J.: 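Starting off with a structure, shown below.
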Amino acid sequence: MAVITKYDDRTMSYSEQEQVRRDALQSIKELGINPYPSEEFQVNAYSAEIREKFDPEAQNYQEVALAGRLMMKRIMGKASFAEIQDKDGKIQLYVNRDEICSGEDKTLYNQLFKKLLDIGDFIGVKGRVFHTKTGETTVHVTELVLLSKCLRPLPVIKEKDGELYGSFTDPELRYRQRYVDLTVNAHVRETFIKRSKVVAAMRNFMVSKGYLEVETPILQPIYGGASARPFKTHHNTLDMDFYLRIANELYLKRLIVGGFDGVFEFAKDFRNEGMSRFHNPEFTMMELYVAYKDYYWMMDFTEEMLEYVAMEVHGTTELQVGENIISFKRPWKRYTMYEVIEHYTGVDISEMDEEALRAVAKDQKVPLEPSMARGKIIDEIFSERCEHHLIQPTFITDYPLEMSPLAKKHRSAEGLVERFEAFCNKKELCNAFSELNDPIDQRERFEEQVALGIRGDEEAMMLDEDFLRALEYGMPPTCGIGIGIDRLCMVMTNSNSIQDVLLFPQMKPEQPKVVVEENEEVE
RNA sequence: GAUUCGGUAGCUCAGUUGGUAGAGCAUCUCCCUUUUAAGGAGAGGGUCCAGGGUUCGAGCCCCUGCCGAGUCACCA
């Protein structure tokens, strides 16, 4: 029987450059140098700070200690230039043989630095900062230690006159080996720093308003809160199936029932659906629920928060996104669903029945399925004729009731719910509504969903009896919102694909180079 | 899912009508004490994604598969 015994393609052979590095590793050990030392290396400065603040007149930064990855070596005999990269970027080093080797023994320079250190190695240096003849801010190295040996060749990217040579651009390699991508592509590091700032800004903003950050289950016996197909998993001890959450809405509302009046969660949600440049199977949603508020209040809140986020991340509310400048400055435009459709099609559909709507759709060249009801048709017309116009942040309000089984019926308009979505750069940014807190109405809406499920709608919601019980105890009037963090980050970082704002986007597993050995048949 | 494009050296990419596999950077040897895509002299390095087929001969043509990207459709 053939048994897979090894997944390690390294056992086969090393490339020339890998072998060179392993030989260097051995030579380093033979010099009595530990290539992976454990002692702390105390850093007292960073590259960006030095480049910004070094002043030759002031003679500052004369005793710096920096650590980072060696990114470039330019050896010129008895002196050399190199570059190291720390968390903030790169800075040049000047390494002089007789200064790092003050005695007769020049091994540290001639052997270790010139021959055994490779691009990618982590090193620590101490020295003084100066400007070279050409004006480059440089650390004149007096001490140099190896902190960690790199055994694989790193892509070497050079730049001249703004043009890059040898860029590491293959998307598959970049996503699979994000550590390499982050190392050699500065703009990738910046994207994820911005993502962190987006989340931090939102969290600060909500905490400052007095709202409570909570955590709710990812493993759920009944999934709910959105229309989507779930992932299923199994718990061994309980011997039962669970679903990975598709949304955290129903749990957060239970907390409002329990007496918190503002709760939010940054939640990884999971939807078992197609992948595209806008969709990853797991993605991050921020949901916030605030008691005693309605959706008008939430629109004001959303504008204020996202304007704040833009300022925190970019220092301005005007962002370059693709070919457009997008402004997050308040106030944003607001249209009802009927208004925006009239605006872009010239047709007032507010009083139309299904038959009339079908005629409008046909007229507007919006393809429809026979199964679509009135609400779905309106949604299609909007998606086809309006959505792609919405570049600047825009609120669309008052959605058809059938599309929103968890939203409260509109206070004055028949057949609508108190719901809004904000659109930006042609895509939905968030979804919010005055929450349905009438338990009898909610039960009827769930029952309609169950009926849809029986008819074969795989995205229909399940009836959550415990959630209904919670509502029966009474939930105050509440407004809730969900903001797609990945989509928001795409806008905030001017990224064209969701994969560019996910550190580890979902991909098919890499094919291991499997070594198969023929073994004896084992019973 | 549909459709188009791609996979060649460690990285980025050329590769003509089918005829010995190429460049820059990286790597190796030597020279070089303020360079910066450092420079000079030399050298090595390839399962051309995989498996079939056509052919005297395939990186190139045909088929199948794998992986990725773009566009379109649907969910955030």
Side-chain angles (χ1 to χ4, degrees), chain A residues 12-21 23-24 71-83 90 92-99 109 114-115 118-120 130-136 138 140 151-177 180 184 225-230 246-247 267 269-287 367 369 379-380 383-384 421 423 427-431 458-459 482-488 490 496-499 505 507-511 513:
Chain A
M12 300 305 284
S13 64
Y14 298 123
S15 71
E16 181 201 6
Q17 293 188 55
E18 286 175 304
Q19 191 56 53
V20 164
R21 283 164 184 252
D23 292 346
M71 299 302 281
M72 189 73 73
K73 276 206 300 188
R74 292 185 283 274
I75 293 173
M76 302 178 308
K78 299 181 184 64
S80 303
F81 289 93
E83 287 168 19
K90 293 178 189 161
Q92 180 168 266
L93 307 178
Y94 176 71
V95 183
N96 185 305
R97 184 191 71 181
D98 296 327
E99 295 206 49
Y109 181 78
K114 273 173 71 175
K115 294 188 194 291
D118 291 300
I119 287 169
F130 75 113
H131 278 158
T132 62
K133 283 177 185 169
T134 53
E136 180 87 15
T138 302
H140 193 129
L151 294 180
R152 290 187 182 238
L154 203 61
V156 176
I157 299 173
K158 299 193 176 186
E159 187 194 338
K160 188 180 189 180
D161 302 331
E163 203 164 335
L164 292 175
Y165 298 82
S167 308
F168 182 65
T169 52
D170 181 329
E172 181 177 1
L173 284 174
R174 285 184 49 228
Y175 300 144
R176 288 197 194 282
Q177 301 186 37
V180 176
V184 302
S227 298
R229 292 163 65 186
I246 58 172
D269 291 342
F270 305 83
R271 297 188 186 174
N272 208 339
E273 294 167 345
M275 290 162 65
S276 75
R277 74 189 179 97
F278 292 105
H279 301 89
N280 197 64
E282 57 180 287
F283 63 101
T284 304
M285 178 86 90
M286 196 293 298
E287 290 194 37
E369 301 288 331
D379 189 59
E380 284 296 312
S383 299
E384 290 289 319
E421 295 186 332
F423 290 81
K427 279 283 161 185
E428 181 187 336
L429 260 193
C430 63
N431 180 18
E458 294 187 68
E459 295 182 350
I483 301 180
I485 299 299
D486 313 287
R487 294 275 178 87
L488 177 62
M490 285 173 67
N496 196 39
S497 161
I498 197 170
Q499 294 173 302
M507 299 183 82
K508 288 189 185 176
E510 207 170 346
Q511 291 295 312
K513 286 178 184 165

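Just so it is clear: chains get the letters A, B, ... in the order the sequence lines come, proteins before strands, and each one is counted from 1. Nothing here was measured: the structure is a model prediction, and the numbers come from that model.
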J.: Identify whether any heavy atom of A/D98 sits under 4.0 Å from a base atom; if not, whether one sits that close to sugar-phosphate; answer base, sugar-phosphate or nothing.
T.: base
J.: A/R229: what forms a salt bridge (Lys or Arg N to Asp or Glu O under 4.0 Å) with it, not counting sequence neighbours?
T.: A/E458
J.: Taking the P atom in each of B/rU55 and B/rC13, what is the distance between them to the nearest angstrom?
T.: 36 Å
J.: Select one nucleotide: of B/rA26, B/rA73, B/rU34, the one nearest the side-chain heavy atoms of A/I119.
T.: B/rA26
J.: Base, sugar-phosphate, or nothing: which does A/Q499 touch, judged by heavy atoms less than 4.0 Å apart?
T.: sugar-phosphate
J.: Using atom C1' of each nucleotide, how far apart are B/rA58 and B/rG18 to the nearest Å?
T.: 6 Å
J.: Grab the CE-C1' distance between A/M490 and B/rA76 for me, whole Å please.
T.: 11 Å
J.: Using a cut-off of strictly less than 4.0 Å, decide whether A/R277 has a side-chain nitrogen or oxygen near OP1 or OP2 of B/rU71.
T.: yes
J.: Between B/rA38 atom P and A/M76 atom CE, what is the distance in whole Å?
T.: 12 Å
J.: Grab the NZ-C1' distance between A/K114 and B/rC28 for me, whole Å please.
T.: 14 Å
J.: Measure across A/I246 and A/F270 and return the closest heavy-atom pair with its distance rounded to 0.1 Å.
T.: CG2-O, 3.3 Å
J.: Give me the distance, rounded to whole Å, that separates B/rG19 from B/rA26 when you measure between the P atoms they each carry.
T.: 32 Å
J.: Please report the distance separating the C1' of B/rC61 from the corresponding atom of B/rU17, rounded so that it comes out in whole Å.
T.: 12 Å
J.: Check side-chain contact (heavy atoms from CB on, under 4.5 Å) between A/E421 and all other residues, then give those that pass, not counting sequence neighbours.
T.: A/Y399, A/R419, A/F423, A/E428, A/N431
J.: Nearest heavy-atom pair of A/N496 and A/R277: which atoms, and what distance?
T.: O-NH1, 2.6 Å
J.: Looking for any heavy atom pair under 4.0 Å, which part of the strands does A/I485 touch: base, sugar-phosphate only, or nothing?
T.: nothing
J.: Taking OP1 and OP2 of B/rG68, is either one under 4.0 Å from a side-chain nitrogen or oxygen of A/R176?
T.: yes
J.: So which nucleotide does B/rG22 pair with, by the Watson-Crick or G-U wobble rule with both distances under 3.5 Å?
T.: B/rC13
J.: Return whichever of A/I75 or A/R97 has its heavy-atom-nearest nucleotide of RNA chain B closer to the 5' end.
T.: A/R97
J.: Please report the distance separating the C1' of B/rU27 from the corresponding atom of B/rA23, rounded so that it comes out in whole Å.
T.: 16 Å
J.: Figure out the NZ/C1' separation between A/K158 and B/rA23, and round it to whole Å.
T.: 15 Å
J.: Provide the Watson-Crick or G-U wobble partner of B/rC32, both distances under 3.5 Å; none if there is no partner.
T.: none
J.: Looking across every strand, which nucleic acid part, if any, lies under 4.0 Å from A/K115 by heavy atom: base, sugar-phosphate, or nothing?
T.: sugar-phosphate
J.: Any strand is fair game: report the nucleotide pairing with B/rU27 by Watson-Crick or G-U wobble, both distances under 3.5 Å, or none.
T.: B/rA43
J.: Name all residues meeting the side-chain contact (heavy atoms from CB on, under 4.5 Å) criterion together with A/N280; count only those two or more places apart in sequence or in a different chain, and write none if there are none.
T.: A/E282, A/I498, A/L502, A/P505, A/Q506
J.: Check the geometry between A/F81 and B/rA38 and answer yes if their rings are stacked (centres below 5.5 Å, planes below 30°), otherwise no.
T.: no
J.: List for me each residue that meets side-chain contact (heavy atoms from CB on, under 4.5 Å) alongside A/T284, sequence neighbours excluded, and say none if there are none.
T.: A/R195, A/K268, A/I485, A/D486
J.: Partner of B/rG68 by Watson-Crick or G-U wobble geometry, both contacts under 3.5 Å, or none?
T.: B/rC5
J.: Going by the rule salt bridge (Lys or Arg N to Asp or Glu O under 4.0 Å), which residues pair with A/D118 if we only count those two or more places apart in sequence or in a different chain?
T.: A/K149
J.: If I take atom CD in residue A/E380 and atom C1' in nucleotide B/rC74, what distance separates them, rounded to the nearest angstrom?
T.: 9 Å
J.: Taking only the P atom of each, what is the distance from B/rU64 to B/rA69 in whole angstrom?
T.: 22 Å
J.: Could you tell me whether A/E136 contacts a base, only the sugar-phosphate backbone, or nothing, with contacts defined as non-hydrogen atoms closer than 4.0 Å?
T.: base
J.: Among B/rU33, B/rA38, B/rU27, find the nucleotide with the atom closest to the side chain of A/Y94.
T.: B/rU33
J.: Of all heavy-atom pairs between A/F168 and A/R174, which one has the smallest distance, and what is that distance?
T.: O-CD, 3.5 Å
J.: Which heavy-atom pair separates A/R271 from A/A228 by the least distance, and what is that distance?
T.: CD-CB, 3.4 Å
J.: Between A/K73 and B/rA38, is there a contact of a side-chain N or O with OP1 or OP2 at under 4.0 Å?
T.: no
J.: With a 3.5 Å cut-off and just heavy-atom distances, do the side chain of A/Q92 and the base of B/rU35 make a donor-acceptor pair?
T.: yes
J.: How long is the line joining NZ of A/K90 and C1' of B/rA37, in whole Å?
T.: 11 Å
J.: Reckon A/G77 touches a base, only the sugar-phosphate, or nothing at all at heavy-atom distances under 4.0 Å?
T.: base
J.: Carefully, step by step, assess A/E459 and A/S227 under the rule side chain to side chain donor-acceptor pair (under 3.5 Å).
T.: CA-CA 5 Å; A/E459 295 182 350; A/S227 298; 5.6 Å; no
J.: Considering only the P atoms, how many Å lie between B/rU12 and B/rC49, rounded to the nearest integer?
T.: 14 Å
J.: Please encode protein proximity along nucleotides 3-14 of chain B as a string of B, S and -, counting only heavy-atom distances under 4.0 Å.
T.: -------BSSS-
J.: Just the rounded figure in Å: distance from C1' of B/rA76 to CZ of A/F423.
T.: 11 Å
J.: Provide, to the nearest angstrom, the distance between the CG atom belonging to A/N496 and the C1' atom belonging to B/rU71.
T.: 12 Å
J.: If the cut-off is 4.0 Å, is A/R74 near the phosphate of B/rU35, judged by side-chain N/O to OP1 or OP2?
T.: no
J.: Which residue, A/M507 or A/E384, contacts RNA chain B at a nucleotide closer to its 5' end, judged by nearest heavy atom?
T.: A/M507
J.: With rounding to the closest Å, how many angstrom separate the P atoms on B/rC74 and B/rG59?
T.: 44 Å
